[in-house]
Protein chains: 2
Amino acid sequence: MTETPTVIPQAQSGKKPLSQTQRATRMLREMIITNKLLPGSSHLETELAEMLGMSRTPVREAAIVLEGQGLVEVKPRRGVRILPLSPADMEEIYSILTELESLAAHDVAKNGADEEDLARLRALIQEMETALADDDRHRWAEADERFHHKLVSLAGNRRLQTIVATYSDQVHRARLLTLHMRPTPHRSNEDHRALVEAIAAGDAERARNIHREHRIRAKTMMIKLIASHGLRAV
Amino acid sequence: MTETPTVIPQAQSGKKPLSQTQRATRMLREMIITNKLLPGSSHLETELAEMLGMSRTPVREAAIVLEGQGLVEVKPRRGVRILPLSPADMEEIYSILTELESLAAHDVAKNGADEEDLARLRALIQEMETALADDDRHRWAEADERFHHKLVSLAGNRRLQTIVATYSDQVHRARLLTLHMRPTPHRSNEDHRALVEAIAAGDAERARNIHREHRIRAKTMMIKLIASHGLRAV
DNA sequence: CTAATGTTTATTGTATACATAAATTTATAC
DNA sequence: GTATAAATTTATGTATACAATAAACATTAG
């Protein structure tokens, strides 16, 4: 894979100067998932190149990468189009995420997690709870994302991680949008606690089922919210 | 000028002259999954370009696409490397395929398949059986692939189909390799029949479980075969 | 006014040029 | 003979040039 989506931290001490293609890929992905480039809009290669201060070549290569990750579509003479997500698309993606994250939960429980990892997961749940207490949904969402990411990474299946990251990126916009429309996610935190217990107990099937139900609930809510607000795409 | 074919499901019908990049992508992928380009080997962009009779640019773009599909790795000054699969890689991929194909089986059973689709699946099983009777494993494998492909396509989740296709490509080499080492796949056909029955009965959970077990068996056998032949990568 | 045709423009696909940095080789010192 | 440094080669990353062609526009016919 060219790049693992949503792996922002690279700035530390690994001082390899990024290539222009890498920079273009990151910047464009960031602008897409944070809605700086609006879904449905099209952008000529030249425009993007100028905007990013580089030539067309790296922009073109970045577009190919992002197309492979389902974020854009490169249309022959129409430029690069930011793909909108319909409720049907969301349904597709959430089904896949549900299944793969549940597999991750299963595998983590089966292979066993050490105390450090369990502590990390519990700390993230705690973080979500205090964020909720402070009515800070943004912080809650961030901790939630990190929880799911950590869970998947513990499964130790790199490809699984890549797929989940890719599709999580795709629904990131929708999550941002519904964050303030949804009811307070208390139930979500209960699910998380139950999941960590199942993992700690090494009960793989229970972990899988808890997480699957958790994900299905999230999906149902998301679709309903989008539909109830009359959004045809995001 | 009456019809502009936007999405052509298969080959010839729309004879849009492929771009060089598309040609490069197809040719390289084909050469990789059929072992014309050996796993672990590296190839400079210039070599590949000359080999395919085009300039470096489209080769480069194809390499980016194939890298996104996990078939190659582009190493800074080492050229394009055909990625070998270790048993651990295979384990990763089969886990993902197991889960996603099982989801497909579940969804197809849940949404219901019409008689035509069921007939098609049954015809493919029949094809596998006659191929086995003729001791023609190649034909069996082809029908098997088409059966799995058909199953997944019936689920109607385009992204699911894409992921399964991508990872199926990755293990294609290994399947070719073990095709003649494995015992006659009678059990496999029984599984297929049971699956189609569960789908016809609309029993989603049963369909899911049957297919999951089927896939797990396939995975175990594959890993054992590879290991028993002392192969560290394919 | 509408449809058909010709003309212009704009954008892409691909080739190519070139500076840069990695890899490799050669030279030099110890 | 080994280790270090300098020189050379090489492949890449990126910019740029340019022909091909789809889209947009203007023109003409009906």
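Chain letters run A, B, ... following the sequence lines, proteins first, then strands; residues in each count from 1.
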Specify the residues of residues 71-83 of chain A, ordered by number, for which at least one heavy atom lies under 4.0 angstrom from an atom of DNA chain D.
->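 Those residues are A/R77, A/R78.
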Quick one: list whatever passes ring-ring contact (aromatic ring centres under 6.0 Å, His included) with B/H106, sequence neighbours left out.
->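 By the ring-ring contact (aromatic ring centres under 6.0 Å, His included) rule, B/H106 matches no residue at all.
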Output all residues satisfying ring-ring contact (aromatic ring centres under 6.0 Å, His included) with B/H43, sequence neighbours left out; order by chain, then residue number.
->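 For B/H43, no residue satisfies ring-ring contact (aromatic ring centres under 6.0 Å, His included) once neighbours in sequence are set aside.
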In this structure, how many angstroms lie between the [atom2] atom of [N] and the [atom1] atom of [X], rounded?
| X | N | atom1 | atom2 | value |
| --- | --- | --- | --- | --- |
| B/L44 | D/dT12 | CG | C1' | 10 Å |
| A/E61 | C/dT12 | CD | P | 15 Å |
| A/L48 | D/dA15 | CG | P | 14 Å |
| B/R56 | C/dA17 | CZ | C1' | 11 Å |
| B/Q20 | D/dA19 | CD | C1' | 14 Å |
| A/L18 | D/dT12 | CG | P | 20 Å |

Selection residues 78-98 of chain B - residue pairs positive for salt bridge (charged side-chain N to carboxylate O under 4.0 Å, His left out), sequence neighbours left out =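 Residue pairs passing salt bridge (charged side-chain N to carboxylate O under 4.0 Å, His left out), neighbours aside: A/R158-B/E92, A/R159-B/D89, A/R159-B/E92, B/E73-B/R81, B/E91-B/K219.
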Who are the side-chain hydrogen bond (donor to acceptor under 3.5 Å, both in side chains) partners of B/T21, not counting sequence neighbours?
->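 Applying side-chain hydrogen bond (donor to acceptor under 3.5 Å, both in side chains) to B/T21 gives B/E61.
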side-chain hydrogen bond (donor to acceptor under 3.5 Å, both in side chains) against B/R23, all qualifying residues, sequence neighbours excluded =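 Here the qualifying residues are B/Q20.
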Of all the choices, D/dT14, D/dA17, D/dT12, which nucleotide is nearest to the side chain of B/E45 once you look at every atom?
->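 Taking heavy atoms from C-beta onward, the closest nucleotide is D/dT12.
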Does A/T21 place a side-chain N or O at less than 4.0 Å from the phosphate oxygens OP1/OP2 of D/dT14?
->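 For A/T21, the contact criterion (side-chain N or O under 4.0 Å from OP1 or OP2 of D/dT14) is met.
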N or O in side chain of B/T57 less than 4.0 angstrom from C/dT14 OP1/OP2 |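 Answer no for this pair, as no side-chain N or O of B/T57 is under 4.0 Å from OP1 or OP2.
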Approximate separation, where rounding is to 0.5 Å, of B/I226 CD1 and B/M90 CE =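 Here the interatomic distance stands at 4.0 Å.
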